[in-house]
J.: 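Let me give you the structure first, and then I'll get to my questions.
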Amino acid sequence: MASLSFKHIYKKYPGGVTAVSDFSLEIKDKEFLILVGPSGCGKTTTLRMIAGLEEITEGELFIGDRLVNDVAPKDRDIAMVFQSYALYPHMSVFDNMAFGLKLRKTPKEEIKRRVEEAARILDITHLLDRRPKALSGGQKQRVALGRAIVREPKVFLLDEPLSNLDAKRRASMRTELTKIHQKLGTTFVYVTHDQVEAMTMATRIVVMNDGLIQQVDTPQNLYDYPINTFVAGFIGTPQMNFINCTLEKKDNDVYVCWGKNMLKLPEEKAKNPALADYIGKEVVAGIRPECLHDEPMYLSSMADSTIDAYVDVTELMGAEIYLYLTSEEQSLTARVSARSVARTGDSIKIAIDASRIHIFDKDTEKIVIH
């Protein structure tokens, strides 16, 4: 198996377009690392540089202890699974999975052993004699994975492999991929623009934007401790609320203020020395939708951080309700209990858990305090 090491990698195209800038990262052996970000952020280009399908402009890439900048793709001991399944329609599932091994002149008995073992791991043994046209989208995806598994590579590269599947199949395949990673004990590098996939499968996530790494951390740490407004807004569904406000100090208390609203920060936040330079200045306050409450028990216990809001739209999600609100010209989203009685057009009170507020610098968009 193998670790990967990126040392100040750049990818520049003719015409001055830089797709990836100063990409430095250590990927541990057997890690499930996911590159996530919006379209055009450089994540697929990074994956293709690992595969050798894109030339590295500057920097060094190591797979294990081996510098692979000038190593041909076929000699890098990696396997790539693409968004499209790219199965040969005239071949059986067995032959599709075996094709790469046959090209390498692998002995027939070894091919049979590897294909049957991969089929067992993927639960597609009963499909080995079928042709691709007789398979569902999920089954085709498993065959594409099987074709990679039989090569027994050091590193698996997966480029949005679930994007062609329906929502139900994607959810089940997320679970399957996690199980496969655990069974194989191999390094996985996975690209997606879907932060739900990243949050549910990764051991670590790399958030990218405009070719730059924004933050690298575990899913929970990214959610709880975003380093800037981009990461805070990208990770989490619905996305974090951002409020343009000012910090005001009265006596020893610090308040987040916009319009007539004044939210009192808890003492441990108010005393944070990082806030001292921002008193009286404009900042951006970030608060997750699940930290906004409309139930009476919260309204009474959080009297210092209660606001008036107008309900623009409600969305019943089954186990919960999303309330889309306006308060003092700021748009907010609340994720509340399905027992909520709030309806579109209502004027209601909302309690905000001020202990969960993040404060960001308005100009740099970087975190001030969590």
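The analysis underlying the following values was restricted to heavy atoms, covering all of them including side chains, and did not include hydrogens, waters or symmetry mates.
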J.: Please indicate whether Asp75 has more than 12 foreign heavy atoms, meaning atoms of other residues, nucleotides or ligands, lying under 6.0 Å from its CG.
T.: yes

J.: Kindly say whether Pro289 contributes a backbone atom to a donor-acceptor pair with the side chain of Arg335 at under 3.5 angstrom?
T.: no

J.: Check whether any side-chain heavy atom of Val284 sits under 4.5 Å from a side-chain heavy atom of Ile243, and report yes or no.
T.: no

J.: At their closest point, which heavy atom of Glu55 faces which heavy atom of Met49, and how far apart are they?
T.: O-SD, 4.3 Å

J.: Measuring from atom OG of Ser355 to atom CD of Glu268, what distance do you get when rounded to the nearest 0.5 angstrom?
T.: 7.0 Å

J.: Within a strict 4.5 Å, meaning less than it, do heavy atoms of the Arg147 and Leu87 side chains meet?
T.: yes

J.: For the backbone of Ile307 and the side chain of Lys260, can you confirm whether one donor and one acceptor N or O come within less than 3.5 Å of each other?
T.: no

J.: For the pair Ser24 (side chain) and His8 (backbone), establish whether a donor and an acceptor sit closer than 3.5 Å, ignoring hydrogens and angles.
T.: yes

J.: Over all heavy atoms of both residues, which pair between Phe242 and Gly233 is shortest? Give the atoms and the distance, please.
T.: CZ-N, 3.7 Å

J.: Can you find a side-chain donor-acceptor pair between Glu26 and Ser5 that sits under 3.5 Å?
T.: yes

J.: Taking the side chain as C-beta and beyond, is there a heavy-atom pair between Val196 and Arg174 under 4.5 Å?
T.: yes

J.: Taking side chain as C-beta onward, heavy atoms only, is Asn261 less than 4.5 Å from Gln330?
T.: no

J.: Taking atom types as modelled, is there a side-chain donor on His193 or Glu160 under 3.5 Å from an acceptor on the other?
T.: yes

J.: Take Leu127 and Leu135 through the test side-chain contact (heavy atoms from CB on, under 4.5 Å) and record every step on the way to the result.
T.: CA-CA 8 Å; Leu127 304 176; Leu135 305 178; 4.1 Å; yes

J.: Does Glu110 use its side chain to pair, donor to acceptor, with the backbone of Pro107 at less than 3.5 Å?
T.: no

J.: Taking it one step at a time, do Glu117 and Arg120 satisfy salt bridge (Lys or Arg N to Asp or Glu O under 4.0 Å)?
T.: CA-CA 5 Å; Glu117 173 66 9; Arg120 184 188 63 76; 2.7 Å; yes

J.: Using atom types as modelled and distance alone, determine if a side-chain donor or acceptor of Asn96 lies under 3.5 Å from a backbone N or O of Tyr88.
T.: yes

J.: Using modelled atom types and a 3.5 Å cut-off, is there a donor and acceptor pairing between side-chain atoms of Ser3 and backbone atoms of Lys28?
T.: no

J.: Are Tyr310 and Ile321 linked, directly or through other ILVMFWY residues, by side chains that come within less than 4.5 angstrom of each other?
T.: no

J.: Taking NZ, NE, NH1 and NH2 as the nitrogens, is one of them in Asp308 or Lys349 under 4.0 Å from a carboxylate oxygen of the other?
T.: yes

J.: Val207 versus Asn209: any side-chain heavy-atom pair under 4.5 Å?
T.: no

J.: So, does Asp210 use its side chain to make a donor-acceptor pair with the main chain of Leu212 at under 3.5 Å?
T.: no

J.: For the pair Asp217 and Tyr225, evaluate side-chain contact (heavy atoms from CB on, under 4.5 Å) and give the outcome as yes or no after the intermediate values.
T.: CA-CA 9 Å; Asp217 215 325; Tyr225 307 108; over 6 Å; no

J.: Please name the pair of heavy atoms, one in Ala118 and one in Gly146, separated by the smallest distance, quoted to 0.1 Å.
T.: CB-O, 4.2 Å

J.: Has the side chain of Thr203 got a donor or acceptor atom that lies under 3.5 Å from a matching backbone atom of Phe32?
T.: yes

J.: Take Arg142 and Glu176, measure what side-chain contact (heavy atoms from CB on, under 4.5 Å) needs, and give me the verdict at the end.
T.: CA-CA 9 Å; Arg142 288 172 188 235; Glu176 291 302 316; 3.6 Å; yes

J.: Would you give the length of the straight line joining atom CZ of Arg76 to atom CG of Leu61, rounded to the nearest 0.5 angstrom?
T.: 6.0 Å

J.: Does a donor on one side chain and an acceptor on the other come within less than 3.5 Å for Asp304 and Tyr255?
T.: no

J.: For the residue pair His370 and His358, does the interplanar ring angle fall in the parallel (under 30°), tilted (30 to 60°) or perpendicular (over 60°) class?
T.: perpendicular

J.: Taking the side chain as every heavy atom from C-beta outward, state whether Ile359 and Val256 have any atom pair closer than 4.5 Å.
T.: yes

J.: Look up atom CZ in Arg343 and atom CG in Leu323, then write down how far apart they are to the nearest 0.5 Å.
T.: 9.0 Å

J.: I want to check something: taking the side chain as every heavy atom from C-beta on, are Val81 and Gln141 in contact at a cut-off of under 4.5 Å?
T.: yes

J.: Distance check, rounded to the nearest 0.5 Å: Arg288 atom CZ versus Thr237 atom OG1?
T.: 9.0 Å

J.: Ignoring hydrogens and angles, tell me if any N or O in the side chain of Thr45 forms a donor-acceptor pair with the backbone of Ala19 under 3.5 Å.
T.: no

J.: Would you say NZ of Lys102 has more than 12 non-hydrogen atoms from neighbouring residues, nucleotides or ligands within 6.0 angstrom?
T.: yes

J.: Quick one, Tyr298 with Val336, criterion side-chain contact (heavy atoms from CB on, under 4.5 Å). Give me CA distance, side-chain angles, the key distance, then yes/no.
T.: CA-CA 11 Å; Tyr298 291 105; Val336 299; over 6 Å; no

J.: State the OG1-CZ distance between Thr175 and Arg170, to the nearest 0.5 angstrom.
T.: 13.5 Å

J.: Mind checking the CG-CZ spacing from Asp294 to Arg339? Nearest 0.5 Å is all I need.
T.: 10.0 Å

J.: Less than 3.5 Å apart, any donor N or O on the side chain of Gln195 or Tyr223 sitting next to an acceptor on the other?
T.: no

J.: Establish whether Ile27 and Val36 are linked, either directly or via other cluster members, by ILVMFWY side-chain heavy-atom contacts under 4.5 Å.
T.: no

J.: Is there a side-chain contact between Asn244 and Lys362, using heavy atoms and a 4.5 Å cut-off?
T.: yes

J.: Provide the closest heavy-atom pair for Asp159 versus Val191 in the form atom of the first, atom of the second, distance.
T.: OD1-CG1, 3.5 Å

J.: Given salt bridge (Lys or Arg N to Asp or Glu O under 4.0 Å), test Lys7 with Glu60 step by step and report yes or no.
T.: CA-CA 5 Å; Lys7 298 186 185 297; Glu60 296 177 323; over 6 Å; no

J.: Around atom CD of Glu267, are there more than 12 heavy atoms of other residues, nucleotides or ligands at under 6.0 Å?
T.: no

J.: Between Phe230 and Phe234, what is the ring plane arrangement, given parallel below 30°, perpendicular above 60°, and tilted in between?
T.: parallel

J.: Which pair of heavy atoms, one from Ala2 and one from Gly64, lies closest together, and at what distance?
T.: CB-N, 4.2 Å

J.: Could you tell me which non-hydrogen atom of Ala274 sits nearest to which non-hydrogen atom of Ile369, and how far apart they are?
T.: CB-CG2, 3.9 Å

J.: With distance as the sole test, does Arg151 use its side chain to make a donor-acceptor pair with the main-chain N or O of Ile78 at under 3.5 Å?
T.: yes

J.: Does atom CG (Asn272) have a neighbourhood of more than 12 heavy atoms from anything else shown, all under 6.0 Å?
T.: yes

